Undergrad: 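Would you mind keeping the following structure in view while I ask a few things?
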Amino acid sequence: MKNVVKRSLALMLFASLAMCAFAQPDDEPMGGKGKEKIAALKRAFITEKLELNSAEAEKFWPVYNEYEKKREDLKKEIRKEHKKSEAETLTEAEATAIIDFIDKKRKEEVELDTKFLKDCLPIIGAKRTLHLAKLEREFQKAMMEKIKERRQERQEKRDGMGPRTGPANRKG
């Protein structure tokens, strides 16, 4: 059982780091509607892939949503401290305080991840709890690919080229 929890924790930490790496900064023009749409897509994706029945979903989603909210709050605090660390006038004492703060918050993240895994075990079982981290990575990857495709389509539109036309095929 301890190995399952350790593996689950490792997977969840990896997923957290991956999500943090792709997180939108607070000043991005994402807006509330975009975040809500992504959250709904993620919810549907995870529900389908984990094959949650209605009783499981009713118990799982409040736990997951609370976990996500707390995790995002921790990440915001860490990002805020990282921004402070970019100041040119930072003293050694201030830098040490920032390091200590970030270390404390990262430990809180690990504790949060552990609690979440333990909370999921009685709801969806160990196998699906382990699978959850993989599904979060899959969803993140799919979203990043979709964003990349949309950016490429917009760039092609700006360049006056359709998705399948090149400079040689243009009429001019």
Side-chain angles (χ1 to χ4, degrees), residues 2-47 49-50 60-121 124 128-155 158:
K2 283 186 178 181
N3 286 338
V4 171
V5 173
K6 285 181 182 178
R7 280 189 228 139
S8 298
L9 180 59
L11 289 171
M12 291 302 291
L13 286 174
F14 181 79
S16 297
L17 291 173
M19 292 178 97
C20 184
F22 295 115
Q24 295 282 334
D26 290 338
D27 56 352
E28 284 290 319
M30 183 73 173
K33 289 182 181 178
K35 285 184 180 183
E36 288 174 16
K37 185 177 179 182
I38 290 171
L41 289 170
K42 184 177 184 181
R43 186 179 180 117
F45 180 84
I46 290 172
T47 298
K49 297 290 185 173
L50 286 181
F60 173 76
W61 286 109
V63 171
Y64 186 86
N65 292 337
E66 180 184 344
Y67 164 72
E68 282 276 287
K69 171 77 173 100
K70 288 179 179 178
R71 185 170 69 172
E72 184 57 33
D73 290 345
L74 284 170
K75 292 191 181 309
K76 281 181 184 178
E77 290 180 59
I78 291 171
R79 281 193 302 265
K80 186 178 174 184
E81 288 302 305
H82 273 293
K83 283 187 180 189
K84 285 182 186 177
S85 71
E86 295 170 5
E88 294 289 326
T89 59
L90 201 63
T91 68
E92 280 295 310
E94 291 168 330
T96 301
I98 290 170
I99 290 169
D100 290 343
F101 179 84
I102 291 171
D103 181 53
K104 177 184 168 205
K105 292 300 173 182
R106 288 194 176 145
K107 287 176 182 171
E108 287 179 30
E109 280 183 301
V110 170
E111 291 170 7
L112 181 64
D113 289 343
T114 302
K115 182 186 180 313
F116 173 68
L117 292 173
K118 288 179 180 178
D119 291 345
C120 284
L121 286 174
I124 61 174
R128 289 193 286 174
T129 298
L130 278 175
H131 192 58
L132 179 60
K134 180 182 176 196
L135 292 176
E136 287 183 319
R137 289 190 306 274
E138 284 178 19
F139 179 79
Q140 191 69 30
K141 183 177 178 183
M143 291 303 300
M144 293 308 295
E145 287 173 9
K146 195 70 151 169
I147 290 168
K148 186 177 178 181
E149 286 173 13
R150 286 187 178 171
R151 283 183 182 158
Q152 187 175 359
E153 287 172 6
R154 275 190 248 132
Q155 184 63 43
R158 278 192 293 255

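Along the sequence shown, residues are numbered consecutively beginning with 1. Everything numeric in this text was worked out from a predicted model, so none of it was measured.
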Undergrad: Measure the NZ-CD distance between Lys42 and Glu136 for me, rounded to the nearest 0.5 Å.
TA: 4.5 Å
Undergrad: Do Tyr67 and Leu117 have side chains that approach each other closer than 4.5 Å (heavy atoms only, starting at C-beta)?
TA: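 No, their side chains stay 4.5 Å or more apart.
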Undergrad: Can you find a pair of side-chain heavy atoms, one from Phe60 and one from Thr47, that are under 4.5 Å apart?
TA: no
Undergrad: I'd like to know whether NZ of Lys49 has more than 12 heavy-atom contacts from other residues, nucleotides or ligands below 6.0 angstrom.
TA: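 Counting neighbours around NZ of Lys49, 12 or fewer heavy atoms of other residues, nucleotides or ligands fall under 6.0 Å, so no.
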Undergrad: Side chains of Arg158 and Gln155: does their closest heavy-atom pair fall under 4.5 Å?
TA: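 Answer yes - side chains close enough.
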Undergrad: Between Glu108 and Lys105, is there a side-chain N and carboxylate O pair less than 4.0 Å apart?
TA: yes
Undergrad: Applying salt bridge (Lys or Arg N to Asp or Glu O under 4.0 Å) to Lys148 and Glu145, what does each step give before you reach the verdict?
TA: CA-CA 5 Å; Lys148 186 177 178 181; Glu145 287 173 9; over 6 Å; no
Undergrad: Just grab all the salt bridge (charged side-chain N to carboxylate O under 4.0 Å, His left out) pairs involving residues 94-104, residues at least two apart or on different chains.
TA: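 Pairs touching residues 94-104 that pass the test: Asp103-Lys107.
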Undergrad: From Lys75 NZ over to Glu68 CD, what is the distance, rounded to the nearest 0.5 angstrom?
TA: 9.5 Å
Undergrad: Examine distances only and state if a side-chain atom of Ser85 and a backbone atom of His82 form a donor-acceptor pair shorter than 3.5 Å.
TA: yes
Undergrad: Got a salt bridge between Lys69 and Glu72, using NZ or NE/NH1/NH2 to carboxylate O under 4.0 Å?
TA: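 Judged by the 4.0 Å cut-off on N to carboxylate O distance, Lys69 and Glu72 do not form a salt bridge.
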Undergrad: Does some side-chain heavy atom of Ile78 sit less than 4.5 Å from a side-chain heavy atom of Glu109?
TA: yes
Undergrad: Look up atom CZ in Arg128 and atom CG in Leu132, then write down how far apart they are to the nearest 0.5 Å.
TA: 10.5 Å
Undergrad: Excluding sequence neighbours, so at least two apart, what forms salt bridge (charged side-chain N to carboxylate O under 4.0 Å, His left out) with Lys141?
TA: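 Checked Lys141 against salt bridge (charged side-chain N to carboxylate O under 4.0 Å, His left out); zero matches.
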Undergrad: Less than 4.0 angstrom from a charged side-chain N to a carboxylate O is my criterion; do Lys84 and Glu81 meet it?
TA: yes
Undergrad: For a quick test of reading the model, state the closest non-hydrogen atom pair linking Glu77 to Phe101 and the distance between them.
TA: OE1-CZ, 3.6 Å
Undergrad: Hey, are the side chains of Arg79 and Lys83 touching, using non-hydrogen atoms and a 4.5 Å cut-off?
TA: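 No. Closest side-chain heavy atoms not under 4.5 Å.
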Undergrad: Measure the CZ-OH distance between Arg43 and Tyr64 for me, rounded to the nearest 0.5 Å.
TA: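 The CZ atom of Arg43 sits 10.5 Å away from the OH atom of Tyr64.
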Undergrad: Can you find a pair of side-chain heavy atoms, one from Leu135 and one from Phe45, that are under 4.5 Å apart?
TA: yes
Undergrad: Nearest 0.5 Å please: distance from the NZ atom of Lys115 over to the CG atom of Leu112.
TA: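 Lys115 atom NZ to Leu112 atom CG measures 8.0 Å (nearest 0.5 Å).
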Undergrad: Quick one: CZ on Phe116 to CZ on Arg71, what's the gap to the nearest 0.5 Å?
TA: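 Result: 8.0 Å between the selected atoms.
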